[in-house]
Amino acid sequence: MPEPSLRLALNLQRLRLRHLEILLAVDRHGSLTGTADALGVSQPAVSQWLAEIEAALGVPLFVRGRQIQPSPHLPVALRHARRMVADSQQLQRELASVSAGMQGIVRIGAMPVATAGLLPHALREVKAQSEPLQIEVVEDIAAGLWARFERHELDVIVGRLDERAFGPQVRCEPLFKDPHCVVVGRTHPLLRVARVSWTRAARHPWILPPQDTALRRAIDATFLDHGLAPPLPWLVSTSGMLNQQLMRETDCIGVMSGAAAHHPASLKTLSILPLRLKSDVGPVGMVWDLKEPSPALDRVLQALRDSAKKVTN
């Protein structure tokens, strides 16, 4: 009798990509009927596909009843199914890209700190190279980018490096340090005082990042270090465009990365206050998967390295 691991491997060979797509659809629609309607197939057909998946895995993924309920095994199966489906879709897209005369596709997840100067410079360098390359960029905060990265929807993340960047399944490379700046509009009252302090700043409304972010913790720690209670936010927001607009038009104070803050400061639309956070939230860098990088990804990584040296000098 084969070992359990060998038996599972043999069973998995019977599964097709369609099985995984059906599993993801059942999870997305929450019922066999909803899945059947969405896919344009019969409910017994969906039930049969699901039964074949469970037989191959050797565990139940749903508990049957008047409504199906997820079993403890479902999250594990879904995590791997998403990755396998995403990898299959990416394979198809990369093959099509190469057939169209390109070297491949690179999907970049960028935090706002990267889009201010580093990434545009790197993309111009890649564009100037002779062999064409298809590049896709998604801008988001760290939580959103890491969720996409874990689903294999991104090839590289460019932005602040936190503890996730040093995990066992990824490679990371710091590029440069970029301290955050405390920023206000050009007519803010603090610009007219002789000495700006955290005590004075605490009296004004603040636009802050979400509570569970490293930057919010750094801001709160700075106030506590100065013997002050952290300010209650007038607005919690991760939208750079919205935050800048509100700072220009109100007395709100915000915190931006140095790379992002110096551009509007140079245009005289915002001003940087002489205040520094007690601690910052890590260098700017890039993170990619441990799997073998493609020549296309290697080109983007090298362009980012070269650009980091130029934008920080």
Side-chain angles (χ1 to χ4, degrees), residues 1-100 102 104-109 134 136 138 140 143-157 164 167-170 288-294 296-297:
M1 180 134 183
E3 293 291 331
S5 59
L6 177 58
R7 187 164 59 247
L8 176 60
L10 294 173
N11 289 342
L12 289 177
Q13 292 177 12
R14 302 203 306 267
L15 292 180
R16 303 204 302 269
L17 188 62
R18 183 60 170 167
H19 285 95
L20 304 179
E21 293 172 338
I22 292 290
L23 175 61
L24 296 178
V26 172
D27 176 67
R28 184 165 58 251
H29 296 289
S31 70
L32 300 184
T33 302
T35 302
D37 291 343
L39 299 181
V41 299
S42 67
Q43 181 175 328
V46 174
S47 183
Q48 177 63 29
W49 282 96
L50 192 56
E52 290 175 2
I53 298 170
E54 293 177 320
L57 297 178
V59 295
L61 300 179
F62 295 94
V63 179
R64 272 67 168 178
R66 296 186 65 181
Q67 291 185 326
I68 59 172
Q69 300 293 329
S71 81
H73 304 102
L74 180 62
V76 177
L78 288 175
R79 186 170 69 251
H80 288 276
R82 290 190 185 102
R83 291 177 180 175
M84 294 167 73
V85 170
D87 284 345
S88 173
Q89 293 170 344
Q90 181 63 8
L91 170 61
Q92 296 175 34
R93 298 180 68 239
E94 285 199 44
L95 291 174
S97 173
V98 173
S99 297
M102 302 209 175
I105 303 173
V106 178
R107 303 162 300 170
I108 303 172
Q134 183 176 337
E136 301 172 359
V138 175
D140 202 348
L145 295 180
W146 276 100
R148 289 173 181 264
F149 186 78
E150 290 168 358
R151 295 195 299 265
H152 289 203
E153 296 174 6
L154 296 174
D155 299 303
V156 59
I157 295 176
R164 290 168 290 193
Q169 301 302 318
V170 298
W288 66 100
D289 200 281
L290 269 177
K291 65 183 180 183
E292 181 179 355
S294 66
L297 177 57

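Hydrogens, waters and symmetry mates are skipped; everything else that's a heavy atom, side chains included, is used.
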Identify all side-chain donor-acceptor contacts of residues 143-151 below 3.5 Å with residues at least two apart in sequence or on another chain.
from, atom 1, to, atom 2, distance (Å)
Arg151, NE, Glu153, OE2, 2.8
Arg151, NH2, Glu153, OE1, 3.2

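To the nearest 0.5 Å, atom CG of residue Leu154 and atom CD1 of residue Ile108 are 9.5 Å apart. The distance from the CZ atom of Arg83 to the CG atom of Leu78 is 12.0 Å, given to the nearest 0.5 Å. The distance from the CG atom of Leu57 to the CD atom of Glu52 is 12.0 Å, given to the nearest 0.5 Å. One distance of note links CZ of Phe62 with CG of Leu50; it measures 5.5 Å at 0.5 Å rounding. Distance CD1/Ile53 to NE2/His19: 6.0 Å, rounded to 0.5 Å. Annotation: the span from Gln48 atom CD to Ile22 atom CD1 amounts to 11.5 Å, rounded to 0.5 Å.
For the pair Asp155 and Trp288, the tightest heavy-atom approach, listed with the atom from each and the gap, is O-CB, 3.4 Å. In this structure, Gly34 and Ser31 approach most closely via the heavy-atom pair N-OG, 2.9 Å. Taking both residues in full, the closest heavy atoms of Ala77 and Leu61 are given as CB-CD2, 3.9 Å, listed atom of the first, atom of the second, then distance. Val26 and Thr35 make their closest contact through CA-OG1, 3.2 Å (heavy atoms, listed as atom of the first residue, atom of the second, distance). Closest of all the heavy-atom pairs between Leu32 and Ser47 is CD1-CB, 4.1 Å. Nearest heavy atoms, Pro168 versus Leu290: O-CD1, 2.9 Å.
Without hydrogens or angle criteria, Asp289 side chain to Val170 main chain gives no donor-acceptor distance under 3.5 Å. Side chain of Ser71 to backbone of Pro60: a donor-acceptor contact under 3.5 angstrom is found.
Side-chain contact between Glu136 and Ile105 is present, with heavy atoms from C-beta onward closer than 4.5 Å. The side-chain heavy atoms of Leu23 and Leu74, taken from C-beta on, include a pair separated by under 4.5 Å.
Among residues at least two apart or in separate chains, salt bridge (charged side-chain N to carboxylate O under 4.0 Å, His left out) pairs with a member in residues 18-37 are Arg18-Glu21, Asp27-Arg82.
Every residue meeting the side chain to side chain donor-acceptor pair (under 3.5 Å) condition with Thr33, not counting sequence neighbours, appears here in chain and number order: Gln43.
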